[in-house]
Structure formats: C-alpha cells, structure tokens
Protein chains: 2
Amino acid sequence: MLMLPLKEAKYNEAFKLRMNIIEKIAQHTEAFSKSERKVAEVILKNPQAAIHCSIATLAKMSDVSEPTVNRFCRRLETKGFPDFKLHLAQSLASGTPFLNRHVGENDGPEEYTNKIFESTMASLEVARQSVDPNAINRGVDLLTQAQNIYFFGLGASASVAHDALNKFIRFNVPVVYFEDILMQRMSCMNCSDKDVVVLISSTGRTKSLVEIAQIARANDATVMGLTSSGSPLAKECSLVLSLDVPEDTDMYMPMASRIAQLMVIDILATGFILRRGNKFRENLKRVKETLRRSRYDKQ
Amino acid sequence: MLMLPLKEAKYNEAFKLRMNIIEKIAQHTEAFSKSERKVAEVILKNPQAAIHCSIATLAKMSDVSEPTVNRFCRRLETKGFPDFKLHLAQSLASGTPFLNRHVGENDGPEEYTNKIFESTMASLEVARQSVDPNAINRGVDLLTQAQNIYFFGLGASASVAHDALNKFIRFNVPVVYFEDILMQRMSCMNCSDKDVVVLISSTGRTKSLVEIAQIARANDATVMGLTSSGSPLAKECSLVLSLDVPEDTDMYMPMASRIAQLMVIDILATGFILRRGNKFRENLKRVKETLRRSRYDKQ
DNA sequence: CACAAAATGTAGTAAAATTACAACCAAACC
DNA sequence: GGTTTGGTTGTAATTTTACTACATTTTGTG
C-alpha cells in the first residue's frame, strides 16, 4: 500500500470533499448502466432543476424507475437521493470557489491576485481542519501559566514570532523575542521551568531551532512547537501545535503556511484573553488607548 | 440618506452577493420566536451537521417540535425543510460559512478556533474584493524598477514589513527594513528618486510613519502605502494599495487586517517574480537551496 | 383576572425514499 | 439451441420523512 505523506493526504481529502459531483457524474459515465446513464443525462442537462425534484419526478423525467435513480445516487458514493441532492446543490453553489489554481506565467494582475487569494483561502480551510482544539487548549493552559514567554522563529517564521510578540506583549506577561540566533540561545540559557518557549518553524527541520529546543528543555522550560508533526523539532517539544498546510511549491516561498501560523497565534492569543476573563479585557483596552497618542486623530 | 463608512458598505455588499442563508439566520434572529431561536442556535453551531439531519432529529436537538422547525424554515422564505437544507448546503458549499461570528466569553477551544478561522476567511473574502489589480500592477511596476526597496511598519504592521523583507530579500534587490523609528528615519534620509519606500499601516494614522513618508518624498523617492484609503498616510503616498478589511473590534488587536496585508505582500512578490520572467525563477530556487544547509534532511 | 393573540406541540395524513423481491435480459456454457 | 449465471431493471410493500389541522399552552393587554 502506498503511503502518502500526511500533508498530501489531508490535502486531497479536504478537496475530495468538495470535489464537484457534477464532474464526477460526467467522468463516471462509463461505469453507469444504461438506465443510470439516462438519469445522468437528465441531471447534467439541467442540474439546477434536478435539485428541486423528488425522486419520483426525476425518475419520470429520465424514464426509469425510482429505485434506479436511487441506485444511481449510491453509485456516486452518496447515502441516497436526498444526500445526492445536497451534494449537487453544493456543487452548483457559487461555481467552484476554493479551487487551488496555480499562478501561471502569463497571468495578469487580476488573475494572479485572485488566484493567490483563492489558494490561500483553500489552504486555510485545510489548515483549519488540521488544527487540534485540544492541543490549542493545552497551549493556552501553558501560556497563561507561564512566567515568561519566548517566541523564536527564523526566516519566514521570524515574522510570525515577531507578530506573536506584538500580540502577547499586550498582556501582562514578560515576552522575549529575538531574531538573532545567538541572542535566542543566550536568552534561553537562563530560562526556568516556569517559562514557555514557543518555537515556530514550518518545516521543523531548522537546525538552530532544534538546538534551542534542546537548550530550553535542559533548563526544564516547556517547549511548544508550532511546526509540522513528526519533524525533528516536533520531537523535542512538550507540546506540538501541528499544522498541515498544502504549500504552493511553485513559488519557492512560504506563503500559506505562514498565514496559517499567524492564525494559530491569533487563536492562542484569543484563548489567552478568554482564560484571563473580562477584567483583563479592560487592560487590553487601556493598551490600545495608549497607542492613540502616537496617532493622528480620526478625521 | 444614511452614509455608511466605506468599510461597512463593502462588507455588507460582499455578504449580499452570496445570498447566504446562514447570514440571514444570524441577522433575522430578532424576528424569530423563542423556539425558533433555539433552532437557529443549533443550526449556527454546526451547520455542516444540520444538513444531514432529518427534521425529526433537528427538532430533538433543538428541543422543539417538528412543526416548529418547519415554521422556522418557512420564515426564512424557503418552501419547507428540504428546501431549506438545499439553501443551507449551498451556503456551506464554499467550505466556510462566511459568517462573521464573534468570539464569545463562554466559547470553548473548538468554538473560538473555528470562529477565528471563519471570521478571518470572511474578512479575506472582503479584502479580496477591495483589492485593485491595477494598483497592484502599478506597485509591481515600481518595485521591479526600484534600486532599493524599503519596508517600514510599526506595531502589528512591523511584522508585516518584516515578512516583506523576508520575501524580497530573495530577489536581487537591496532591501532595507528597520523596526526602530530613528533607523527608519535615518535610512530614509539618504534615499533617492530611484528608491521605493513601502509603508505599512492599517489605520494610516501613525504619526511617525507619516513623517517618514514626508521625508522620503522630500528625497524624491516613490512612496507606496499599504494602508486604508483616505488616511493621512495615504495622502502622502505616490501609490496607495488600499485594503478595506472589517476588523474584529472585540479583541482590541489587529488580526484580519494584518493577514490581508500579508496577502498583498505575497501578491506583490508574485507579480515581481512573474515580471522578472523564468530565468529569475531559477535564481529563487538557488536561494532556497542555500537554506538547505541550515536544515536537517528530510527523513 | 379574563380575554385575545400568538406561539408551540400532538396526532394524524400525505408524500417521499428505500427495501425486498421478482421479472427480465444478455452473455457464457453445456 | 436451451440452460444457467450475473447483472440490470421494475413492482409493490415498507419505512422514513415532512407536512397539516387542530388542540393546548403561553404571552401580553385591558
């Protein structure tokens, strides 16, 4: 049996779910029996009408019996006629929205803009399904109890760590963030068992980050990894918040994965606020107010 | 006639386009009776599950009688329960119910995780519609012709600028990035008419960034603003890439806006690559290869 | 507190979908 | 050429599902 890497497995699964049933009918046409093909024809001719039909009317329109229609539905891996209609309705809705169309060389600005939005959103949808709320909850637990929180990342993930700093600095916890690997190491040397070190890396194979994880653990700190499951970094972590994001490899740049990471940061920050309760929210409001002085007034 | 601010106008428009029945339920909530509201709650909580329910199970889940569910469906201008399910299925077709549900105090990890994903994706959809491909194209023009590119942002936008650095440093252009406002100023002092200064700020009302814009323009540099249209910063820019993102104000933190900004950076980078052609892509591949040495091998 | 109006539920009915089974058809084999 | 076998289709009964009419309860008002 062929083993797909997890990433691809999840990716395909998510897309299969919304794979257009109309396409499926069109492709599957050979596998149908004669009568079933009649049904297929009628549906393809006017799918919009089909979703408002009862099994009886559709049978009459196709000039077959009702059970034949039912068998037709089942052959398409649906639970039955009503379920089939649901799938059909979804296929019909708003075209094919989250299609992972890749940017092509001859695309104009409008095209690549839309494609990037679409494929990023598709990736986020996949990411969302791969996020484990229990792990999130555990992560929030750890963060709320931390004495100091460290955020480290390198390369593309550095900006994610940077963003995390920006969020958590608003809470009343000391936050540490460095871009420089030496500074990361040094600050980690002094961490304690009450500290949480959050390490961010899509691949989880960045050597110096793995080393940081080891140093932090040697000091009994809690190491939380925002990385892909099963990676060398993941193995060094007390808690892994894994994300399986289909990366657009055409571009040679991290794009969707990084945005998914940011979303996890947002989610952790939100969990943090919720855990701290309402009084704490007032605190945040004050932080925001403080910023006003550095700004021009509205209007 | 009441004039809504642009933000909200676009926001609403985007939702009207997809005649989302989920949105309709959420808004219509006042017009429902007590029992009907119970049904609404159950459906909104897990619309994906609802479409696979019979009227009986949904009634039981909502703790109301079957006819109440039926009346609920009719109130939403559907022909009955099956028709309602069809509409619901279509609304869900895009994968995300594009509903901007706000995180509530009593939400558990699963709930707030989903809500944040959903509302961010909803915001991205709105952002996507507000992006002007012509402006993007003009931006790519400027960036490809620049001798030096500067990326500056403060607060939450600092990490966006940071990310932009990470992307554009891979191309063969000198990129400047500082977090420190004094360094930003100083580096800007020496810029020339061949340079492009990209300033990032959601609000466009950060004083020191506006000043940077003025300094850059005094040196004849091109100032590109990733900010909201009509803001003080926008007024100082040669080109504004505006984004209208409905911000989740509950949280007192920039969330969706920042992600939308990142997407614009991705889009600009992509445009940049496309403009430079295929040979240039080889270049990128090399940059990526270089990173390998700092990583553990796969498997 | 009584009354009307609205909301909700109960029970019966109609419709729709599914199942079990029988008839049919076509190809393979004796 | 008839018979058997596998698959396809339809008929009729069964079950599930949705809807309707009406009774009951709740809510608001004078």
Side-chain angles (χ1 to χ4, degrees), chain A residues 21 24-92, chain B residues 21 24-92:
Chain A
I21 201 153
K24 206 169 173 183
I25 296 171
Q27 287 170 358
H28 214 266
T29 196
E30 298 306 317
F32 289 137
S33 72
K34 206 163 44 180
S35 306
E36 285 168 349
R37 220 164 297 156
K38 280 198 260 180
V39 180
E41 259 174 57
V42 171
I43 290 169
L44 289 179
K45 204 162 192 173
N46 191 355
Q48 197 56 249
I51 61 171
H52 295 295
C53 288
S54 73
I55 194 166
T57 43
L58 189 60
K60 203 167 282 172
M61 284 200 295
S62 316
D63 194 30
V64 297
S65 69
E66 297 182 26
T68 301
V69 177
N70 193 281
R71 282 187 283 261
F72 166 86
C73 298
R74 287 216 225 271
R75 202 174 292 278
L76 291 160
E77 287 158 348
T78 63
K79 288 187 77 180
F81 183 71
D83 188 44
F84 168 78
K85 282 212 291 188
L86 247 46
H87 280 264
L88 192 57
Q90 294 202 322
S91 297
L92 255 44
Chain B
I21 200 149
K24 207 169 170 183
I25 297 171
Q27 286 174 354
H28 215 268
T29 198
E30 299 305 317
F32 289 136
S33 71
K34 203 165 47 181
S35 306
E36 284 168 350
R37 219 165 295 156
K38 280 199 256 179
V39 180
E41 257 173 59
V42 171
I43 291 170
L44 289 179
K45 200 160 190 174
N46 193 354
Q48 199 56 248
I51 62 173
H52 296 294
C53 288
S54 72
I55 195 166
T57 43
L58 189 60
K60 202 167 286 172
M61 285 200 294
S62 315
D63 194 31
V64 297
S65 68
E66 296 182 26
T68 301
V69 176
N70 193 281
R71 283 187 282 260
F72 167 85
C73 298
R74 296 238 164 101
R75 202 176 291 280
L76 292 160
E77 288 157 349
T78 63
K79 289 186 76 181
F81 183 71
D83 188 43
F84 168 79
K85 282 212 290 189
L86 246 45
H87 281 265
L88 191 58
Q90 294 202 323
S91 296
L92 287 166

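Just so it is clear: chains get the letters A, B, ... in the order the sequence lines come, proteins before strands, and each one is counted from 1.
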Nearest to the side chain of [X], which nucleotide is it out of [options]?
| X | options | result |
| --- | --- | --- |
| A:Phe81 | D:dC19, C:dG9, C:dT18 | C:dT18 |
| A:Pro67 | C:dA7, D:dT11, C:dT18 | D:dT11 |
| B:Lys34 | C:dT18, D:dT27, D:dA18 | D:dT27 |
| B:Ser35 | C:dT8, D:dT9, D:dA18 | C:dT8 |
| B:Ser65 | C:dA16, D:dT9, C:dG9 | C:dG9 |
| A:Ser33 | D:dT8, C:dA17, D:dA18 | D:dT8 |
| A:Ser54 | C:dA16, D:dT17, C:dG9 | C:dA16 |
| A:Val64 | C:dA17, D:dG10, D:dA18 | D:dG10 |

[X] has an atom [atom1]; how far is it from atom [atom2] of [N], in whole Å?
| X | N | atom1 | atom2 | answer |
| --- | --- | --- | --- | --- |
| A:Asp63 | D:dT9 | CG | P | 12 Å |
| A:Lys38 | D:dT9 | NZ | C1' | 10 Å |
| B:Phe32 | C:dA6 | CZ | C1' | 17 Å |
| A:Arg75 | C:dT18 | CZ | P | 16 Å |
| B:Arg37 | D:dT27 | CZ | P | 13 Å |
| B:Ile51 | D:dA18 | CD1 | C1' | 18 Å |
| B:Asp83 | D:dT17 | CG | P | 19 Å |
| B:Phe84 | D:dC19 | CZ | P | 12 Å |

Task: Under 3.5 Å: donor-acceptor pair, side chain of A:Lys60, backbone of A:Ser65 - done: no

Open item on the list: Has A:Ser62 got a side-chain atom pairing as donor or acceptor with A:Leu58's backbone, closer than 3.5 angstrom?
Closed with: yes

Task: Approximate separation, where rounding is to 0.5 Å, of B:Ile51 CD1 and A:His87 NE2 - done: 7.5 Å

- [ ] Please round to the nearest 0.5 Å and tell me the distance separating atom CD1 of A:Ile55 and atom OG1 of A:Thr68.
- [x] 9.0 Å

TODO: Starting from the 5' end of DNA chain D, give me the residue, A:Glu36 or B:Arg74, whose nearest nucleotide shows up first.
DONE: A:Glu36

TODO: Check step by step if salt bridge (Lys or Arg N to Asp or Glu O under 4.0 Å) holds for B:Glu36 and B:Arg71.
DONE: CA-CA 8 Å; B:Glu36 284 168 350; B:Arg71 283 187 282 260; 5.4 Å; no

TODO: Compare side-chain N and O positions of A:Asn70 against OP1 and OP2 of C:dA17 and report whether any pair is under 4.0 Å apart.
DONE: no

Task: Residue whose nearest DNA chain C nucleotide is more 5′ - A:Arg71 or A:Glu66 - done: A:Glu66

